[in-house]
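Just so it is clear, the model here is predicted, and its values are computed rather than measured.
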Amino acid sequence: MQAYRRYVGSAIAIVLSLSAEAAHAAVTIQIDQPSAQFIESETIPVRVAASAPDDIYYVEAELEGLLIELTPTEDGYFEGSFDLGELGGDLPDGPHVLTIDAYSTLGDVGSAQRTLYGHAPPTLGWNVQPNDTLTAGWRFDAKCISTPPYECKSLRATFSSADTTVTLVNDGSNPSPVPGRLYVREAQHGDRYEIPSGRTYTLTIEATDELGGVVARTIGPVHVERSPRLTVVQRAPGAILDFDATRFLFLDHRARLGIFERATQAVTWLETMQQGGGAAPLSAVYGALTWSGAVYQTTNAYIRAWVNGSPYTVAGAARLDAVNADTAVWTMNDDDMAIESYLSARTTQPLWGRTGSRSPFQADVTARNSVYYGVYHNPWIRGPGVRIGNHEGNLQRPITDGTIIAGRWWNGRTSSSYLYTADGEEVFLGDSITGTSAGLLVHAGHTGFLKSDGAVNQVWLRTADGEQHQISEFATNSTFDQVKLRVGHDGLSDSGEVLFLNDGKRYIGGPGAAPEEISTDLGHGRWFDGSWYVTIGNTLFQVAGEEGSPARLAATAALTPEDGAREVLSTSFTGDELPDAPVFARDLHEPDALPELTDGAELMGDGDADGGLSPAAAGCSASGPAGSPPGAAALAAALAGLLALARRGRPRS
């Protein structure tokens, strides 16, 4: 039975044909088990219903000369099982007839038969795994491997996204290089592929053989992005949540969170996320790498950290709000208290509190661990020794690069953006017709902002020398490419290039030049260490120039798998090893979207409830690059391009 033992637990639905024949019509038999047509384990359970006008007093089952008695159960059935070890532990391929005989007290006999096959269902092979991203030069293919002497009759692979379904089918009409097998492969015509780019799919593969045996697998999420402007740098063992020059923070399809060392490919497993039982979906998991390890939000409302090789519970019933360097800011779930934690020291101190408040708190942390924050019902941006900004509407989010500070105020109709320079000057940037707080970018003295042209939002840039430039000029709204914990910082380069999204595409634009399309809007784009990168699923890409450019993270390039034919066969996978993974349903574009308010002043405060911070003149002290943590000079250099992180906002309740 070696050919079929590894398929124990495979779910196979078969329409069964059985013949029942009674010596006297007075005895009838119905076979409930075995329910499958194929012998799939070393034990074959038998369960039948037998009835007659008088009592049934004896029921037996026979298979290949082995006879067993079926015993009555309380629910009126007769049950037993065959141990194939008593038949030598192996049945030859082909049909085997199971016979059931039932005897009544009056001597009547009924018989029924079912044909079972000593045969494993087809084996599937395919070349993608959950969280993979199909890239240029990598075409999907799958195969059906039959169990002799039977042949595969059909093979079907279906890619399903929110708006597209693509099915690849081989019904046996295509010639096969190996008798009995079937293959499907995605077609490619020039630079056009059969599976559309820029989408996340759930893949279902199904095969049948000539006996009607069916095997199916579901794999997901699978992403497709084939832009010629994206070059694969490296792949992680799961979906990438954050990266730096040496590490990935990732979440795999088994709900395991880990840190992947990019040079050695060693994995440190941090935690397996709770699923079911009221836990949030896996899409609720987010986190960031820190100097000392990582900090992250779990599915059961805990904030946990991995600090210098040890696990650490930061808080329970809380939401991770902002992270940078070695500092995390978080709020209690009831939104009435905000706290900052110094992760390496495992110490905390309160930032803000107001009993009974349901006012969303939003913060930003500089590379020097300074915290700037705002509360939705108050109009001020708070920071070390400063209170700036006092405008109509509700403050959505402060963002700072340590030198300049920016914020947006929402009045129920428009969001008004203001900038505060290191000299204390307030600069009005413009109004946008959206309630999202993810409408500002700040980096290296530059500010990107959304500004309405009267019909839609366009992207604008204020350079470090104070000049303003319109970057986009599209007929539809442009947005910034932002995700949780990185709102406000990823989309600006050191020289003031702006990364943004429009109509399903990702662009890079700058003063005096038309924006360049670099990819679809799948995943997330980010400026890091002197270059643009995009993460999609488990794949880190570098954005190449129009004529290509060398990878800035070249130290790990040798470990990058070839972006081509990769074969991953399912023959060694069981149901536990490759579960049907859920598709991450994340809105990666505007994580801080706020509700459209009918009354912009509904949550506005009428006084200073922050408790302890006194008013100060507008402006803040300029701060430079982050200080190096003890013993981590090399990592600090790699992190020089990382900027302040800020969490997504939450709608008021």
Side-chain angles (χ1 to χ4, degrees), residues 1-122 147 149-150 153 206-216 574-576:
M1 297 294 292
Q2 297 302 317
Y4 58 78
R5 287 174 189 165
R6 63 173 176 268
Y7 296 96
V8 175
S10 295
I12 301 175
I14 301 295
V15 178
L16 301 174
S17 62
L18 62 88
S19 61
E21 190 173 45
H24 298 277
V27 178
T28 59
I29 299 172
Q30 176 182 334
I31 301 176
D32 279 15
Q33 284 186 301
S35 58
Q37 194 173 5
F38 299 105
I39 300 172
E40 297 180 330
S41 69
E42 295 183 5
T43 300
I44 302 175
V46 181
R47 175 180 168 89
V48 304
S51 62
D54 50 328
D55 289 336
I56 297 293
Y57 79 94
Y58 185 77
V59 180
E60 65 182 13
E62 187 270 334
L63 178 67
E64 293 295 322
L66 183 63
L67 193 67
I68 62 171
E69 179 181 353
L70 304 183
T71 58
T73 64
E74 292 183 357
D75 58 0
Y77 285 83
F78 295 83
E79 294 182 346
S81 64
F82 288 100
D83 182 357
L84 296 185
E86 298 182 31
L87 292 173
D90 200 1
L91 287 178
D93 291 338
H96 301 274
V97 178
L98 170 68
T99 301
I100 308 295
D101 291 322
Y103 301 85
S104 75
T105 55
L106 295 180
D108 291 331
V109 181
S111 292
Q113 292 182 333
R114 174 161 295 167
T115 300
L116 305 177
Y117 292 88
H119 158 69
T147 302
Y150 309 106
K153 299 300 292 184
E206 184 178 77
T208 63
D209 66 11
E210 58 185 328
L211 293 176
V214 178
V215 61
T574 68
D576 291 335

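Atom CZ of Arg47 and atom CG of Asp75 lie 4.5 Å apart (nearest 0.5 Å). In this structure, the separation between CG on Leu67 and CG on Asp101 is 8.5 Å, given to the nearest 0.5 Å. One distance of note links CG of Asp83 with CD1 of Ile68; it measures 10.0 Å at 0.5 Å rounding. Summarising the geometry, atom OG1 belonging to Thr208 is positioned 8.5 Å from atom NZ belonging to Lys153; distances are rounded to the nearest 0.5 Å. With rounding to the nearest 0.5 Å, the separation of CG in Leu66 from CD1 in Ile44 is 9.5 Å.
Side-chain N or O atoms of Asp108 include none that pairs as donor or acceptor with a backbone N or O of Ala26 at under 3.5 Å. Of the possible polar contacts, one joining the Arg114 side chain to the Pro34 backbone as a donor-acceptor pair under 3.5 Å is found.
Across every non-hydrogen atom of Ser81 and Pro45, the tightest pair is CB-CA, 4.0 Å. For Ile29 against Gly110, the heavy-atom pair with the smallest separation is CD1-O, 3.1 Å. Leu63 and Val97 make their closest contact through CD1-O, 3.6 Å (heavy atoms, listed as atom of the first residue, atom of the second, distance). Looking at every heavy atom in both residues, Tyr77 comes nearest to Ala49 through CE2-CB, 3.8 Å. Smallest separation of non-hydrogen atoms from Ala61 and Leu98: CB-CD1, 4.3 Å. Closest approach of Val215 to Pro122, counting heavy atoms only: CG1-O, 3.1 Å.
Between the side chains of Asp55 and Thr105, no donor-acceptor pair of N or O atoms lies under 3.5 Å.
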Practice prompt. Walk me through it: do Ile100 and Phe78 pass the test side-chain contact (heavy atoms from CB on, under 4.5 Å)?
Written response: CA-CA 11 Å; Ile100 308 295; Phe78 295 83; over 6 Å; no
